[in-house]
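In what follows, a structure is listed as structure tokens, so that the remarks can point back to it.
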2 protein chains.
Amino acid sequence: MKIGELSKKCGLSIDTLRFYEKIGLLEKPLRDGGGHRVYDPEIMQWLGFLARLKETDMPLKKQIEYAKLRAMGNETAALRRILLEKHLQELTEKQARLKDNISTLKTKITIYRQIEKDIDDDEPKSDT
Amino acid sequence: MKIGELSKKCGLSIDTLRFYEKIGLLEKPLRDGGGHRVYDPEIMQWLGFLARLKETDMPLKKQIEYAKLRAMGNETAALRRILLEKHLQELTEKQARLKDNISTLKTKITIYRQIEKDIDDDEPKSDT
DNA sequence: CTAAATGCTGGAGTATACTCTAGGTCAAGT
DNA sequence: ACTTGACCTAGAGTATACTCCAGCATTTAG
């Protein structure tokens, strides 16, 4: 699989894939005779997981840290687990705050509805 | 209240408060005889709400849009409500994805624990 | 009254995460 | 063979959201 195809399949731009490689988030892929990158289809799983880390706002630096450990094999399992546990804890906290923010927002929206209703009562346009 | 005090109370740096003013997120406060900003304590409520918008990743541009509507008074209530409803919908989606990501992460962590256990079983250090 | 703290402005600098450009090379279809 | 599209590199540029700096004015504590 060449970079264009991978880009379409994973949703990251070609530039982003090369950028991720440059910063060490993706391992350097093999090259074909013409020097073009050739990706193993397995990379899709990895990119899928990275997408989750990204979606949950893990900074690239931490993702790279994780990727480096992953590249070292199973002996780094504990370190990776600890890294993910830390991240999980942040997410749990984020989830709580999000829940709270959503309910505040809902309250605010209700208040706005009331204001709109009050305005309507003051300025009845329907019968003028 | 002068800017230093407000900064301490609201948790934003002095630079950030001035920056928010510059980009139109905060209205220009009154000035005292010496040209120093003087804030109405009421601004704390507003900053508290902005903090929620920020915490939920509303970009400054949208916050500014909201702030401008707010500055126009009650007649913009409906517009502001719509803006918040849009944001709320995004947050609800984000909440669902977060829930999913959290459970994936938990699964992954469990797998790591198993790998660690397998490694321990292969390489028993305790009795060598 | 004076020194230290606080505040002012305009503009430059930083961090993060891409995104684009120039100037090529390589591959695929006709 | 030739043209078009995909790919290559190094490096510059962009967007967002601050953060810091120089050089000066004002305020406040002793």
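If you're wondering where the values come from, they're calculated on a predicted model, not measured in any experiment. Every chain is numbered from 1 and lettered A, B, ... according to where its sequence line falls, protein lines coming before strand lines. Note that these values count all heavy atoms, side chains included, but never hydrogens, waters or copies made by symmetry.
Nucleotide C/dA15 holds its P atom 19 Å from the CD atom of A/Gln63, rounded to whole Å. Protein atom CZ of B/Phe19 is 17 Å distant from nucleotide atom P of C/dT14, rounded to whole Å. At whole-Å resolution of the value, CG in A/Asp32 and C1' in D/dA6 are 11 Å apart. Residue A/Lys54 contributes atom NZ, which lies 8 Å from atom C1' of C/dA17 at whole-angstrom precision. The separation between A/Arg37 atom CZ and D/dA6 atom C1' is 13 Å, rounded to whole Å. One can place CD1 of A/Ile23 at 8 Å from P of C/dA17, the figure rounded to the nearest angstrom. For the pair A/Lys22 NZ and D/dA10 P, the computed distance is 8 Å after rounding to whole Å. Rounded to an integer number of Å, the gap from CD of B/Glu21 to P of C/dG7 is 14 Å.
Counting only heavy atoms from C-beta on, A/Arg31 has its side chain closest to D/dC8 among D/dT27, D/dC8, C/dC20. When distances run from any side-chain atom of B/His36 to the nucleotides C/dC8, D/dA17, C/dC18, the shortest one goes to C/dC8. Comparing C/dC18, D/dC7, D/dT27 by their closest approach to the side chain of A/Ile3 singles out D/dC7. Here D/dC18 is the nucleotide among D/dC18, C/dG7, D/dC7 with the atom lying nearest to any side-chain atom of B/Tyr20. Side-chain atoms of B/Asp15 lie closest to D/dC20 of the nucleotides D/dC20, D/dC18, C/dA27.
Mapping A/Glu5 and B/Asp57 onto DNA chain D by nearest heavy atom places A/Glu5 at the nucleotide closer to the 5' end.
Applying the 4.0 Å criterion to OP1 and OP2 of C/dC8, one finds that B/Arg18 has a side-chain N or O inside that range. The shortest distance between the side-chain N/O atoms of A/Thr16 and the OP1/OP2 oxygens of C/dT19 is below 4.0 Å.
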After noting the C-alpha distance and the side-chain angles of A/Glu85 and A/Gln89, does the key distance pass the side chain to side chain donor-acceptor pair (under 3.5 Å) rule? CA-CA 6 Å; A/Glu85 278 173 345; A/Gln89 202 196 319; over 6 Å; no

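Among A/Leu83, A/Leu50, A/Leu91, the one residue that satisfies the side chain to side chain contact (heavy atoms under 4.5 Å, CB included) test with A/Met58 is A/Leu83.
Between B/Glu90 and B/Lys94, none of the side-chain N atoms (NZ, or NE/NH1/NH2) sits under 4.0 Å from a carboxylate O, so this pair counts as no salt bridge. The pair A/Arg18-A/Asp15 counts as a salt bridge, with a side-chain nitrogen and a carboxylate oxygen less than 4.0 angstrom apart.
A donor-acceptor contact shorter than 3.5 Å is absent between the side chain of A/Thr76 and the backbone of A/Leu79.
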